[in-house]
Number of protein chains: 2
Amino acid sequence: MQSITPVRRKITLSDVAAGCGVSRATVSLVLRGSPLVNKHTRARVEEELRRQGYVYNRAAANLRRRTSSSIALVLNDLTNPFFAEFAAGVDAVVGEAGFVTLLGCTSESSTREQAVLGSLIEHGPAGIILSPAEGSSAQQVLAAMGAQTPLLLFNRELGGSLPEYAHWDLLALDNQHGTRLATEHLIAQGHRRIAFFGGHSTASSYRQRQAGYTEAMQSAGLRIEPHWQVECAPTRLDAANQTAALFATAPAPTAAVCYNDAVALGLMLGLSQRGLRPGRDFALTGFDDIAEAAMSTPPLTTLTTAPLARGRQAAELLLLRLRDPAAATRRTIAPVQLVVRASSCPPATV
Amino acid sequence: MQSITPVRRKITLSDVAAGCGVSRATVSLVLRGSPLVNKHTRARVEEELRRQGYVYNRAAANLRRRTSSSIALVLNDLTNPFFAEFAAGVDAVVGEAGFVTLLGCTSESSTREQAVLGSLIEHGPAGIILSPAEGSSAQQVLAAMGAQTPLLLFNRELGGSLPEYAHWDLLALDNQHGTRLATEHLIAQGHRRIAFFGGHSTASSYRQRQAGYTEAMQSAGLRIEPHWQVECAPTRLDAANQTAALFATAPAPTAAVCYNDAVALGLMLGLSQRGLRPGRDFALTGFDDIAEAAMSTPPLTTLTTAPLARGRQAAELLLLRLRDPAAATRRTIAPVQLVVRASSCPPATV
DNA sequence: CTCCGAGTTTGGATCGTTCCAAATGCGGCA
DNA sequence: TGCCGCATTTGGAACGATCCAAACTCGGAG
């Protein structure tokens, strides 16, 4: 039966040491499970730690040891389920390794990204996992975080020219191969006039996905009309609004490879508004395999990226880097897999 | 043109002080924008700070000032878009207030919750926002985090008996009113035999939602058959599997108020498998308004909870508490709003 | 009876910042 | 010249942990 007297002041090592008549150093050794300390002393100290309700001050320890116990995770969009799952994966591994996750959201703004990085870096994380905001550049990022802290870039490349002393690891999806698979699948279904729809060409992931599409089209000897490549913000709403552009000029496409699932779902909406039934009159594919993809009408053919696993992987890559700061820079490309659902129908026989 | 010499050792106040011939104290004053320091000196120091690429060590400052600059966010399920948006909202406000978010995911396990809380507390957050794992108790939570750090509970109550010295703020959704609205809406549509489907009665939110349903039914003078209340895990899969239970005994319900959207989507699946068309032969409502709700077939009538706004609100409530630790405990109930979509059809005229 | 060494314990300095009381410089006034 | 007050600057002691070299205890060997 322990009586808990609500205390204002925080309990420190010295309090515990005084409480059981040993020195601070001894208590410190007990805390860290050192084999040096005598069994009997250890028991006494541990009892006293419990009794006083001591809580370890990791900040103080980190200061003295010049270590860090946190890893920063900076995301361009946490409201996107893809990144939310990614974050969950990161946090799991980071936690297992005894670190704590410092979270920062940039809402796709490179200005906020700088502010967030600046604020996080002051807390001295051991490393940073960054999924850059659209249009953020290497110079910006380096200016905000310095070159001291190991960086793992996820999902996107940084724009701008790279100072030659800059180096970081990268984990990206195999965007190009993914859209190539999707395009080939549509071609195999019998489509010849295939569009590439949505996204902003400023993003590196856009350029890669578009390259996969172009590659597949060219390999099949199919030509690409200019108006089949329509850019829009990677959101449902903007995608729906831009649908008309696909059909502005003849010949109209019979299928589209979309930049991602959000865009594909928006395109479905836009098609319906024009009286076209997605999955019957027009085929389309997405990218990401968000939860809604399987639930939409028709269910969406897309590319799964296993965001939770990618999160774990990102954290593991960063931990590897922490263990060996001098190792050569790694660029990891994670595979993606085509999931065929009803949205990628054969062309309608008109 | 600045030449960046890659330095291993971290730059400290003393380095800068030495670099421009003033004392550490003066540099510290400059950093904090004190009006005491001479204009000319300030300029010189700021130049030197830039030149050396100084980065502030907030941990050291916090140690000295006995302050904290972080807020811990502990979530039972970050892969749920509802919580992901909530987290984004929290992080935005926390960031604006000059704090940093410490993230912890518990994956709905109260054991992990204890571990996560224990780890986070060592970093000395100014406060904690906790959405408890299922079945986590007040004693557990208090044991892991002590009574020193202000706690804001989100979404769920803690189980177990409360020690009388325990007190914390609460932000919850108006569960009871929400399901009452949904039930009344179904009654207005003409339904008389309405079920309450899904969720675990161990959760406080379940009991509240069920109470709202019961209340509405009783007010309307409608009776509730025992087999119309079917529990299941709040996941799509389990909901689909439990669908049969609703129809095991006569009279079968013609509509169901579901515990949440995941359950409702699962029920739709289950209904389809029985040859019932949701939104035509059977009406149903959800809770949460996750993104899929608007996209499902038929679109799901549900209750919106504005998770992003709830996140902001949670953070603001906690900041308020930090400003006035002695203020009376608050229990905030956030309103929810009924969104009527196609799933809540009138009863089929058989 | 002294000395040795293994097993434990400990005081004091240190990490990078902030606080505080005291020191410094300097123009003005008696 | 001496003293006051204002504006600025500063050395040294914190904050709560860890590191390190030195010290203590004690049984056994010489």
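Because the structure is a prediction, the values reported are computed rather than measured. Chain letters run A, B, ... following the sequence lines, proteins first and then strands; every chain starts at 1.
Rounded to 10°, the helix from C/dC1-D/dG30 to C/dA30-D/dT1 has 90° between the axis fitted to its first five pairs and the one fitted to its last five.
Look at CG on A/N62: it is 13 Å from C1' on C/dG16, rounded to the nearest Å. If you measure from atom CG of B/L36 to atom C1' of C/dC19, you get 12 Å, rounded to the nearest angstrom. The distance between atom NE2 of A/H40 and atom C1' of C/dG7, rounded to the nearest whole Å, is 16 Å.
Phosphate proximity of D/dT9 to B/T41: present, with a side-chain N or O under 4.0 Å from OP1 or OP2. At the phosphate of D/dT9, neither OP1 nor OP2 sits under 4.0 Å from any side-chain N or O atom of B/S23.
Of the possible polar contacts, none joining the A/N76 side chain to the A/T106 backbone as a donor-acceptor pair under 3.5 Å is found. Between the side chain of B/R312 and the backbone N or O of B/L308, no donor-acceptor pair lies under 3.5 Å. No donor-acceptor pair under 3.5 Å is formed between the side chain of A/R112 and the backbone N or O of A/E108.
Under the 4.5 Å side-chain criterion, counting only non-hydrogen atoms from C-beta, B/V141 is not in contact with B/P132. For the pair B/T41/B/R44, a side-chain contact is recorded, criterion being any heavy-atom separation below 4.5 Å from C-beta on. Side-chain contact check for B/L73 versus B/L75: some heavy-atom pair is nearer than 4.5 Å.
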Query raised in the report: What does nucleotides 13-19 of chain D look like as a protein-contact string, B for base, S for sugar-phosphate only, - for none, at under 4.0 angstrom between heavy atoms?
Result: BBBBBBB
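In this structure, the ring pair (Phe, Tyr, Trp, His ring centres under 6.0 Å) partners of B/F154, at least two apart in sequence or on a different chain, are B/F86.
In this structure, CZ in A/F83 is found 7.0 Å from CG in A/D77, a value given to the nearest 0.5 Å.
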